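Order of the sequence lines sets the chain letters (A, B, ...), proteins ahead of strands, with each chain counted from 1. If you're wondering where the values come from, they're calculated on a predicted model, not measured in any experiment. These values consider heavy atoms only, across backbone and side chains, with no hydrogens, waters or symmetry-generated copies.
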Amino acid sequence: MDFVAIEKKWNKIWEDTKLYNFDEKKLDKKFYLLEMFSYPSGASLHLGHWWNFGLSDSFGRFKRLQGYNVFQPMGFDAFGLPAENYAIKTGIHPEDSTRHNIKVMEEQLKEMGGMFNWEYELITCDPEYYKWTQWLFIQLFKKGLAYQKEAPVNFCPSCNTIIANEQVVDGVCERCGSEVVRKNMRQWFFKITDYAEELLSGLDTIDWPEKTKTLQRNWIGKSVGAEVDFKLENSDEKLTVYTSRVDTIYGVTFLVIAPEHKLVPKLVTKERESAVKEYILNASKKDEITRTSTTSPKTGCFTGSYVINPLTGEKVPVFVADYVISTYATGIVMGVAGHDARDYDFAKKYNLPIKKVINEVGKTDTELPFCEYGELCNSAEFSGMKSEDAKIKIVEKLEKIGAGRKKVNYKLRDWSVARQRYWGCPIPIIHCPHCGAVPVPEKDLPVVLPHITDYKPDGKGPLGKCKEYMNVKCPKCGRDAQREADTLDTFVDSSFYQLRYPESLRNDKEIFNRQYVDKMLPVDCYVGGVEHATMHLLYSRFITKFLRDIGCLDFDEPFQRLFHQGMVLGADGKKMSKRNTSKTADDYVKTYGSDALRLHMMFSLKYIDGGIWNDEGLKHMKAFMERVERIVLKWKDTVGENVYGEEEKELDYVLNRTIKEVAENFETFSFNSAIARIMELVNAMYKYDTKGKNGEFKKKVVKDLLILLAPSAPHFTEELWEEIGEEYSIFNQRYPGYDEAKISLEKVEIAVQINSKIVARLDVETSLSEDEFIEKITSDVKVAPLLSGKQIVKKIVVPKRLVNLIVK
RNA sequence: GCUGGUGUGGCGGAAUGGCAGACGCACGGGACUCAAAAUCCCGCGAGGGCAACUUCAUGUGGGUUCGACCCCCACCACCAGCACCA
């Protein structure tokens, strides 16, 4: 068979007959299958795309054969930094390179022969799409969930712009080489923290990999602790710390405040000013991972100020230290050197006192630092209490004297959404000197991204230089005003695309129709990399919950079921992705055809784990397909006696087991095992071929085999389906059912163990009762002698597998 | 560093706590052929043994269990994410 030629043929027929069109009238058995859409990066599809889209397409085809009306839309996450960097380097406008890349990728995805519903395609840089990105921003703004605040960013003084973490290489700007500093700047945020609790509890309702849920739980990082106010000496100002270990409050010997905290200037005394300034400057050159690393040396600088411990009345010094981060909790921590590892290191270094206020339960000689829960000592009336109880009692006392309160904290921070970039969705805000930040009226959406040619960064972001864009009248008061120059993080674009797909091209009146989207969503199965666990997957959940709260939809979670494909690596073990030279799937398709490529990918690596790409097995997949072809063509016209004996029974057993297990393997994305089962069926067919004679039976096996293989080799099986004289299309068939009776054997081999050691393997009838079964085993000629004179003290029976006799 | 994950023959990989290594590759052998390729069939973890068989073996070290690749603890190596790459 000429695999390459038949693929062209069937791609055309499928398209002409609109075989895979989604039937919007049959929503009762719809199946919304979605792969994370891709960034239109290089000039052509790399194997990673194939891995993601090709294999989940096979899953979709399997679902279709099971009778589902499969919706599998496709689109592009088209805004983003790479196109802009490319433009700065080459002068090619991001719009042009992006459109070009999309076109190439579309063609290749179509060649792949997927069931994608292109008629719903969406592209995030289309004004028709980003109109709704802007609309979403405005809804969040109206509810107070989009707001501006000062936040630390990477700033390159020479480029005069904010740069991304990935653009900082060894502390310098990758573009110009100057030293990058952390700096507070005014930024737009989405208040995702308002949803922290629900994002946490909602995880219990969705069918996601446990590891992904764990990642999100830890990312949200709920901790129940307390806030404590420490009054500043000789001032009315107070410093509020957050602690999850308020039981250690009697051990506080100092306070630590983050260098960029806004209260720092109020704390620094004249004598300490230059030292603190220098310290803060140095801290601004470090990134957060270095700062918070438990192994990097702790550094700090005394501010000159002291605070009063509200419970002990003790005076303790306040330090600035960069191991404290301003964005978590209050940005100030109480230093308890005896019971916190980092505080201990810090105290050692600066010769601060170390107090013991917790003992290991039942001991008085506990070594410091002791960071577990224990029993309090040196803690006034709380001495002798267990940590757990003391936490409650101490908060009660703090509340009574007005110096503290119970507090739940989350590590989750608000989502920073503004970017000083050109190639992104414009933020629909107008800054008016009189009215402040005013949203663009919804009737004026979209705010179209102007086509500029100078997108080099310059303080404000590239749009800031475009006067025609920036200068507008305030929608509220009509006076001169300026547009927001920043654009949105591309994660905003992708936070609702799954909601927009079902009506992407036709609904220009609303983001989506509520009745329809309630029927189409949630997405039944979502496929994408685990690297999105704490960002895209969290943002989408947040936005879905927000849209529910403003009455746009009726469900809480966007993705009911989730699978992560592993990463396909190049021969060098490196990522095959947008950032290194991508391998093209084209050459393989031209030589072996897309079905062989797809089969090889499915069989040779675990989908969930990925691994190093190896094309060695490709030619064998072609050989396997030819092996299938030979037996199918040989059997298609055979006539023979209508007998059903041992041979038929044996093949029927394999057939039915294969039908059952291939379906189970597909459900868990264990494609490699599914293909292995199909190979076993083919092997069994060849075995039957040497002796079996039942022609009708052979025809049935051939038909079932082709349907089982169809999701994994769509063109190939469609062609054979036609060759055996069946009606178009194989994808309108139903996945075969299996007969439980044919899978259950009359006799199975049982492993017989005595004291957990295998002593025999016996064929035993499955119909025996447990007593009959034990009787049969113990009286066996091999087993009986080993039991003579011994007493059986325990019998462990694992049905159809093993028996273990414990003897004395 | 923190969070999550992975580790099984020469290789990719199978195994609801129940006969470790399914299926495939590589390798060896046989059939077919003048021959080769292709195809079809058989064998194939390591050590010992002519053999029946036997010992060892799922990153390392412990533990739980009648029984552990699987559960628990500690460690080692590698991978992903760490909030402005998407």
Side-chain angles (χ1 to χ4, degrees), chain A residues 36-39 41 77 79-82 85 153-154 162-168 187 192 209-219 221 287-296 327 411-421 489-491 493-494 528-536 538 564 566-567 569 573 575 577-579 600 603-606 609-612 614 616-617 619-621 623-624 626-627 630 670 672-680 683 686-687 689-690 749-758 761 793-806:
Chain A
M36 289 180 185
F37 62 174
S38 41
Y39 180 81
S41 53
D77 191 15
F79 278 133
L81 187 62
N85 284 342
V153 293
N154 299 315
I162 297 172
I163 59 174
N165 281 341
E166 91 159 358
Q167 295 174 295
V168 185
Q187 299 286 307
I192 190 173
E210 220 28 72
K211 64 169 177 179
T212 313
K213 293 196 205 179
T214 305
L215 276 164
Q216 285 207 354
R217 281 192 194 104
N218 292 339
W219 185 259
D287 65 74
E288 221 165 82
I289 291 172
T290 316
R291 278 175 53 173
T292 53
S293 165
T294 48
T295 53
S296 49
T327 45
K411 281 208 189 86
L412 182 68
R413 304 178 197 164
D414 277 340
W415 175 10
S416 157
V417 294
R419 301 289 181 269
Q420 287 65 46
R421 303 272 159 64
D489 176 15
T490 55
F491 279 127
D493 307 330
S494 59
V530 68
E531 65 273 20
H532 293 94
T534 52
M535 316 218 78
H536 163 62
L538 196 63
H564 297 300
M567 218 174 309
L569 307 169
K575 231 179 183 173
S577 71
K578 52 188 171 284
R579 263 174 293 171
H600 173 62
F603 183 63
S604 69
L605 292 172
K606 286 200 260 200
D609 291 355
I612 293 175
N614 184 350
E616 179 73 9
K619 59 174 183 287
H620 306 295
M621 264 310 155
F624 169 68
E626 283 162 347
R627 182 170 157 88
R630 279 190 298 277
S670 305
N672 54 347
S673 295
I675 305 298
R677 296 292 87 79
I678 293 172
M679 284 173 168
E680 282 169 346
N683 291 346
Y686 271 84
K687 194 174 170 196
D689 192 51
T690 58
E749 193 185 76
I750 298 288
V752 182
Q753 296 183 333
I754 292 178
N755 289 343
S756 306
K757 233 175 121 84
I758 290 174
R761 294 182 174 85
V793 292
K794 198 171 175 186
K795 293 172 273 203
I796 295 132
V797 178
V798 182
K800 295 183 186 181
R801 283 185 176 271
L802 166 148
V803 59
N804 189 4
L805 303 170
I806 308 303

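As a whole-Å value, the separation of A/Phe491 CZ from B/A86 P is 7 Å. Across the protein-nucleic acid pair, A/His564 atom NE2 and B/A86 atom P stand 20 Å apart, rounded to whole Å. Rounded to whole Å, atom P of B/C78 lies 14 Å from atom CD1 of A/Ile612. Atom-to-atom, NE2 of A/His536 to P of B/C84 comes out at 16 Å; the value is rounded to the nearest Å. For A/Met567 and B/A86, the CE to P distance is 16 Å, given to the nearest whole Å. For the pair A/Asp493 CG and B/C84 C1', the interatomic distance rounds to 14 Å; values are reported in whole Å. If you measure from atom CD1 of A/Ile796 to atom P of B/A68, you get 12 Å, rounded to the nearest angstrom.
If you check B/A14, B/C66, B/C85 against the side chain of A/Ser756, the one that comes closest is B/C66. The side chain of A/Ile289 lies closest to B/C82, out of B/A86, B/C82, B/C66. Of the candidates B/C84, B/G24, B/A80, the closest approach to any side-chain atom of A/Phe603 belongs to B/G24. In the set B/A83, B/C25, B/A86, B/A86 carries the atom at the smallest distance from any side-chain atom of A/Tyr39. Picking from B/C23, B/G1, B/C85 the nucleotide with the shortest atom distance to the side chain of A/Ala676 gives B/C23. Nearest to the side chain of A/His620, among B/G18, B/A83, B/A26, sits B/A26. Side-chain atoms of A/Met679 lie closest to B/C23 of the nucleotides B/C23, B/C66, B/C19.
Pairing each heavy atom of A/Leu605 with each of A/Ile612, the nearest pair is CD2-O, 4.0 Å. Minimum interatomic distance between A/Leu81 and A/Ala164 (heavy atoms only, all atoms of both residues): CD2-CB, 4.5 Å. Considering all non-hydrogen atoms of both residues, A/Trp219 and A/Lys411 come closest at O-CB, 3.6 Å. Taking both residues in full, the closest heavy atoms of A/Val530 and A/Leu215 are given as CG2-CD1, 4.3 Å, listed atom of the first, atom of the second, then distance. Residue A/Pro209 comes nearest to A/His564 through the heavy atom pair CG-CD2, 3.8 Å, listed as atom of the first residue, atom of the second, then distance.
For A/Glu749 against B/C19, a side-chain N or O and a base N or O form a donor-acceptor pair under 3.5 Å. With hydrogens and angles left out, the side chain of A/Arg801 and the base of B/C19 share no donor-acceptor pair within 3.5 Å. Counting distance only, with no hydrogens placed and no angle test, the side-chain atoms of A/Glu531 and the base atoms of B/C85 include no donor-acceptor pair under 3.5 Å.
Taking 4.0 Å as the cut-off between side-chain N and carboxylate O, A/Glu680 and A/Arg677 count as a salt-bridged pair.
The residue A/His532 sits close to a base: some heavy atom pair falls under 4.0 Å. Among the heavy atoms of the strands, none lies under 4.0 Å from A/Gly528. Using a 4.0 Å heavy-atom criterion, one finds that A/Gln216 contacts no nucleic acid atom at all. A/Ile806 comes within 4.0 angstrom of sugar-phosphate atoms only, judged by non-hydrogen atoms across all strands, and of no base. Counting any heavy atom pair closer than 4.0 Å across all strands shown, A/Asn804 reaches a base atom. A/Met535 comes within 4.0 angstrom of a nucleotide base, judged by non-hydrogen atoms across all strands. Residue A/Ile758 is in sugar-phosphate contact alone, with no base atom involved, counting any heavy-atom pair closer than 4.0 Å across all strands shown. Looking at heavy-atom distances under 4.0 Å, A/Leu802 makes contact with a base. Counting any heavy atom pair closer than 4.0 Å across all strands shown, A/Ile750 reaches no nucleic acid atom. Across all strands shown, A/Gly80 has heavy atoms under 4.0 Å from sugar-phosphate atoms exclusively, and none from any base. Contact annotation for A/Gln167: no contact, since no heavy-atom pair falls under 4.0 Å across all strands. Using a 4.0 Å heavy-atom cutoff across all strands shown, A/Leu605 reaches sugar-phosphate atoms only and no base atom.
Panel note: side chain A/Thr490, backbone A/Gly80; no donor-acceptor pair is recorded below 3.5 Å. Side-chain atoms of A/Gln187 do not come within 3.5 Å of backbone N or O of A/Val417 as any donor-acceptor pair. With hydrogens and angles disregarded, no donor-acceptor distance shorter than 3.5 Å links the side chain of A/His600 to the backbone of A/Glu616. Under the 3.5 Å distance criterion, the side-chain polar atoms of A/Asp609 are left unmatched by any main-chain donor or acceptor of A/Gly566. Judged purely by atom type and a 3.5 angstrom limit, A/Asp414 uses its side chain to pair as donor or acceptor with the backbone of A/Ile192.
Here the separation of B/G49 from B/C27, taken at their C1' atoms, is 24 Å to the nearest Å. The gap from the C1' atom of B/G17 to that of B/G28 amounts to 37 Å, rounded to the nearest Å. Taking atom C1' in both B/U64 and B/A74, the straight-line distance is 15 Å, to the nearest Å. Nucleotides B/U39 and B/G7 have their P atoms positioned 33 Å apart, rounded to a whole Å. Going from the P atom of B/G48 to that of B/G10 covers 15 Å, rounded to whole Å. A gap of 29 Å separates the P atoms of B/C32 and B/A22, to the nearest Å. As rounded to the nearest Å, B/U60 and B/U8 have C1' atoms that lie 15 Å from one another. Going from the C1' atom of B/A20 to that of B/U33 covers 41 Å, rounded to whole Å.
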Polar atom pairs (N or O), protein with nucleotides 2-7 of chain B, under 3.5 Å:
from : atom 1 : to       : atom 2 : distance (Å)
B/U3 : O3'    : A/Asn218 : ND2    : 2.7
B/U3 : O2'    : A/Asn218 : ND2    : 3.2
B/G4 : OP1    : A/Asn218 : ND2    : 3.3

Short heteroatom pairs, N/O only, protein and nucleotides 36-43 of chain B, under 3.5 Å:
from  : atom 1 : to       : atom 2 : distance (Å)
B/U39 : O3'    : A/Arg630 : NH2    : 3.0
B/C40 : OP1    : A/Arg627 : NH1    : 2.6
B/C40 : OP1    : A/Arg630 : NH2    : 3.3

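Between A/His532 and A/Phe491, the ring-plane angle classifies as perpendicular under the 30° and 60° cut-offs.
Nucleotide B/C34 forms a pair with no other nucleotide shown, judged by Watson-Crick or G-U wobble geometry with both contacts under 3.5 Å. Partner assigned to B/G17 is none, using Watson-Crick or G-U wobble distances below 3.5 angstrom.
Heavy-atom distances to RNA chain B give each of A/Arg677 and A/Ser293 a nearest nucleotide, and the one nearer the 5′ end belongs to A/Ser293. Between A/Trp415 and A/Thr534, the residue whose closest nucleotide on RNA chain B is further toward the 5' end is A/Thr534.
With a glycosidic angle no more than 90° from 0, B/G9 adopts the syn conformation.
More than 12 heavy atoms of other residues, nucleotides or ligands sit less than 6.0 Å from atom CZ of A/Arg217.
Under 4.0 angstrom from either OP1 or OP2 of B/C11 there lies no side-chain N or O belonging to A/Asn614.
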May I have the step-by-step check of side chain to side chain donor-acceptor pair (under 3.5 Å) for A/Arg421 and A/Asn85, ending in yes or no?
-> CA-CA 10 Å; A/Arg421 303 272 159 64; A/Asn85 284 342; over 6 Å; no
